[in-house]
Undergrad: 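Handing you this structure, nothing more for now.
We count residues from 1, following the sequence as given. Keep in mind it's a predicted model, so treat the numbers as computed, not measured. Quick note: numbers below take in every heavy atom, side chains included, and nothing from hydrogens, waters or symmetry partners.
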Amino acid sequence: MKKLAIALSILATLSTPALAAGDAEAGKTKAIVCSACHGVDGNSMIDMYPKLAGQQVTYLNKQLHDLRQAAHTGGKEGRNDPMMSAMAAALSDQDIEDLSAYFNAQTLIVADVKDVPELGEQLYKGGDMVRGITACIACHGPSGQGSEAAGFPAIAGQHANYIKIQLNKFHDTTRNNDLNGMMQDVAKKLTSEDIEALSKYISSIK
């Protein structure tokens with residue numbers, strides 16, 4: 001909760017950030033190599049890979065920079081992912097800006113999700129005061145669109161399996177490029193049942 005309060009206080013002092021000067025048309029050509037996993041338009045058909053369509057430019061930019069940094073430091077810094085760090089290793093700053101602009105400009109396709117546990121909505125909207133679990137809505141908003149200024153990503157309509165994978169990584173601290181460790185703090189308090197329910201609920205948000 002303390003880290004969330006710090007992050008939100010920082011957000012309150014921020015003006016609208018200047019977005020990277022990416023060229024979406026140039027990014028379209030560069031994104032061809034990304035299409036096998038993320039789809040031509042950023043709507044991945046493989047649920048272990050994220051949908052990138054419509055994601056915030058600043059968030060995409062940060063993740064690609066972090067993935068590249070991990071490749072250049074042997075995984076000691078940034079966000080280490082065996083496949084994506086290798087893909088990002090050779091990207092220039094301009095490549096990253098162009099790719100971010102391209103995927104941001106695409107339209108997210110949200111699939112219908114069945115059998116969404118009520119627990120998912122409860123945790124997303126209200127958290128769990130007894131266990132000290134902050135509600136997801138505090139950072140990602142009621143419609144799951146996050147906050148560009150604060151660096152909180154849009155998560156609505158994302159593949160449930162991808163969300164589950166990332167929550168488990170935050171839980172196990174094998175992913176640690178989150179602001180002030182906020183996601184790790186939340187995820188480590190979640191049970192496998194919580195993660196399953198949250199993943200399905202978030203995936204269902206339109």
Undergrad: Are the side chains of Leu179 and Met182 in contact, using a 4.5 Å heavy-atom criterion?
TA: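 A side-chain contact exists here, since the closest heavy-atom pair is under 4.5 Å.
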Undergrad: Carefully, step by step, assess Leu60 and Leu52 under the rule side chain to side chain contact (heavy atoms under 4.5 Å, CB included).
TA: CA-CA 8 Å; Leu60 291 169; Leu52 304 180; 4.1 Å; yes
Undergrad: Just checking Lys62: does its NZ atom have more than 12 heavy atoms from other residues, nucleotides or ligands closer to it than 6.0 angstrom?
TA: yes
Undergrad: Go through it in stages, so that I can follow the logic: the residues are Thr191 and Asp194, the test is side chain to side chain donor-acceptor pair (under 3.5 Å), and I'd like the CA-CA distance, side-chain angles, deciding distance and then a yes or no.
TA: CA-CA 5 Å; Thr191 65; Asp194 294 334; 3.1 Å; yes
Undergrad: Look at Lys188 together with Asp185 and state whether they make a salt bridge at an N to O cut-off of under 4.0 Å.
TA: yes
Undergrad: Does any part of the side chain of Leu99, heavy atoms only, come nearer than 4.5 Å to the side chain of Leu91, both counted from C-beta?
TA: yes
Undergrad: Drop me the distance from Gln184's CD to Arg175's CZ, to the nearest 0.5 angstrom.
TA: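 Between atom CD of Gln184 and atom CZ of Arg175 there are 9.5 Å.
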Undergrad: Is the number of heavy atoms from other residues, nucleotides or ligands within 6.0 Å of NZ (Lys30) greater than 12?
TA: yes
Undergrad: Should Asp98 and Thr29 be marked as a side chain to side chain contact (heavy atoms under 4.5 Å, CB included) after you check the CA-CA gap, both sets of side-chain angles, and the distance that decides it?
TA: CA-CA 9 Å; Asp98 293 344; Thr29 300; over 6 Å; no
Undergrad: Could you see if Met45 belongs to whatever hydrophobic cluster contains Val110? Use Ile, Leu, Val, Met, Phe, Trp, Tyr and a side-chain cutoff under 4.5 Å.
TA: no
Undergrad: Taking all non-hydrogen atoms of both residues into account, name the closest pair between Ser199 and Leu167 and its distance.
TA: OG-CD1, 4.0 Å
Undergrad: Quick check on the hydrophobic clustering: are Tyr162 and Leu198 connected, directly or via other members, by side-chain heavy-atom contacts under 4.5 Å?
TA: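 Hydrophobic grouping puts Tyr162 apart from Leu198.
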Undergrad: Nearest 0.5 Å, please: how far is NE2 in His72 from CG in Leu67?
TA: 11.0 Å
Undergrad: Checking Asn43 side chain against Ile109 main chain: does a donor-acceptor pair fall under 3.5 Å?
TA: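 Judged by distance alone, yes, a pair lies under 3.5 Å.
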Undergrad: When rounded to the nearest 0.5 angstrom, what is the spacing between CG in Asn80 and OG1 in Thr73?
TA: 7.5 Å
Undergrad: Do any N or O atoms from the side chain of Asn104 and from the backbone of Ser100 form a donor-acceptor pair under 3.5 angstrom?
TA: no
Undergrad: Report yes or no: does Ser35 contribute a side-chain atom to a donor-acceptor pair with the main-chain N or O of Gly39 at less than 3.5 Å?
TA: no
Undergrad: Side-chain contact, heavy-atom cut-off 4.5 Å: Glu196 with Pro117?
TA: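 The answer is no; the side chains never approach within 4.5 Å.
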Undergrad: Which pair of heavy atoms, one from Asn176 and one from Thr173, lies closest together, and at what distance?
TA: ND2-O, 4.3 Å
Undergrad: Compare every heavy atom of Ser143 with every heavy atom of Ala156, then report the nearest pair and how far apart it is.
TA: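 That closest heavy-atom pairing would be CB-O, 3.3 Å.
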Undergrad: Any side-chain to backbone donor/acceptor pair from His65 onto Gly78? Under 3.5 Å, distance only.
TA: no
Undergrad: Hydrophobic cluster membership, with links at side-chain heavy-atom distances under 4.5 Å among I/L/V/M/F/W/Y: are Tyr59 and Ile202 in one?
TA: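 Per the 4.5 Å side-chain linkage, Tyr59 and Ile202 are not co-clustered.
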Undergrad: Check whether Leu119 and Leu190 end up in the same hydrophobic cluster, where Ile, Leu, Val, Met, Phe, Trp and Tyr are linked by side-chain heavy atoms less than 4.5 Å apart.
TA: yes
Undergrad: For residues Ala187 and Phe170, report the shortest heavy-atom separation together with the two atoms involved.
TA: CB-CB, 3.7 Å
Undergrad: If you define the side chain from C-beta out and look only at heavy atoms, does anything of His140 sit under 4.5 Å from Pro153?
TA: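 Yes, side chains in contact.
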Undergrad: Which heavy atom of Ser85 sits nearest a heavy atom of Ala71, and at what distance?
TA: O-CB, 3.3 Å
Undergrad: Below 4.5 Å, heavy atoms only, C-beta onward: do Cys37 and Met83 meet side chain to side chain?
TA: yes
Undergrad: Are any of the side-chain nitrogens in Asp128 or Lys189 under 4.0 Å away from the carboxylate oxygens of its partner?
TA: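 The answer is no: the pair does not qualify as a salt bridge.
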Undergrad: Do the side chain of Gln55 and the main chain of Ile155 share a donor and acceptor less than 3.5 angstrom apart?
TA: no
Undergrad: With a 4.0 Å cut-off, would you call Lys169 and Asp81 a salt bridge?
TA: yes
Undergrad: Without swapping roles, check the side chain of Ser204 against the backbone of Tyr201 for a donor-acceptor pair under 3.5 Å.
TA: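 Confirmed, Ser204 side chain pairs with Tyr201 backbone.
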Undergrad: Which atoms form the tightest heavy-atom contact between Gln56 and Gly146, and what is the distance?
TA: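 Closest approach of Gln56 to Gly146, heavy atoms only: NE2-C, 3.8 Å.
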Undergrad: Would you confirm whether Gln106, through its side chain, and Tyr102, through its main-chain N or O, come within 3.5 Å as a donor-acceptor pair?
TA: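 Yes, the answer is positive, given that a donor and an acceptor are paired below the 3.5 Å cut-off.
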Undergrad: Is there side-chain contact between Val186 and Ile133, with heavy atoms separated by less than 4.5 Å?
TA: yes
Undergrad: In terms of hydrophobic clusters joined by side-chain contacts under 4.5 Å, are Ile137 and Ile163 together?
TA: yes
Undergrad: How many angstroms lie between OH in Tyr49 and CE in Met84, if you round to the nearest 0.5 Å?
TA: 10.5 Å
Undergrad: Stepwise, does the side chain to side chain contact (heavy atoms under 4.5 Å, CB included) test hold for Val57 with Phe103?
TA: CA-CA 8 Å; Val57 169; Phe103 285 119; over 6 Å; no
Undergrad: Is there a side chain to side chain donor-acceptor pair (under 3.5 Å) between Thr58 and Asn61 once you walk through the steps?
TA: CA-CA 5 Å; Thr58 50; Asn61 203 294; over 6 Å; no
Undergrad: A side-chain contact here means heavy atoms from C-beta on lying under 4.5 Å apart; do Pro50 and His38 qualify?
TA: yes
Undergrad: Just so I know, are the side chains of Val116 and Val113 near enough to count as touching, which here means a heavy-atom distance under 4.5 Å?
TA: yes
Undergrad: Between the side chain of Asp178 and the main-chain N/O of Met183, is any donor-acceptor distance below 3.5 Å?
TA: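 Flag set: sc Asp178 to bb Met183 pair under 3.5 Å.
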Undergrad: Do side-chain atoms of Lys51 reach the backbone of Gly157 as a donor and acceptor pair under 3.5 angstrom?
TA: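 Answer holds: yes.
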Undergrad: Nearest 0.5 Å, what's the CG-CG distance between Asp47 and Asn161?
TA: 4.0 Å
Undergrad: Taking Asp66 for the side chain and Gln63 for the main chain, is one N or O donor matched with an acceptor at less than 3.5 Å?
TA: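 No; zero donor-acceptor contacts below 3.5 Å.
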Undergrad: To the nearest 0.5 Å, tell me how far Glu121 CD sits from Ile205 CD1.
TA: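 CD1 of Ile205 is found 8.5 Å from CD of Glu121.
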Undergrad: Are Ser92 and Asp95 close enough, and set up right, to give a side chain to side chain contact (heavy atoms under 4.5 Å, CB included), and what steps lead you there?
TA: CA-CA 5 Å; Ser92 67; Asp95 292 335; 3.1 Å; yes
Undergrad: Any Lys/Arg nitrogen of Arg68 or Asp93 sitting under 4.0 Å from an Asp/Glu carboxylate oxygen of the other?
TA: yes
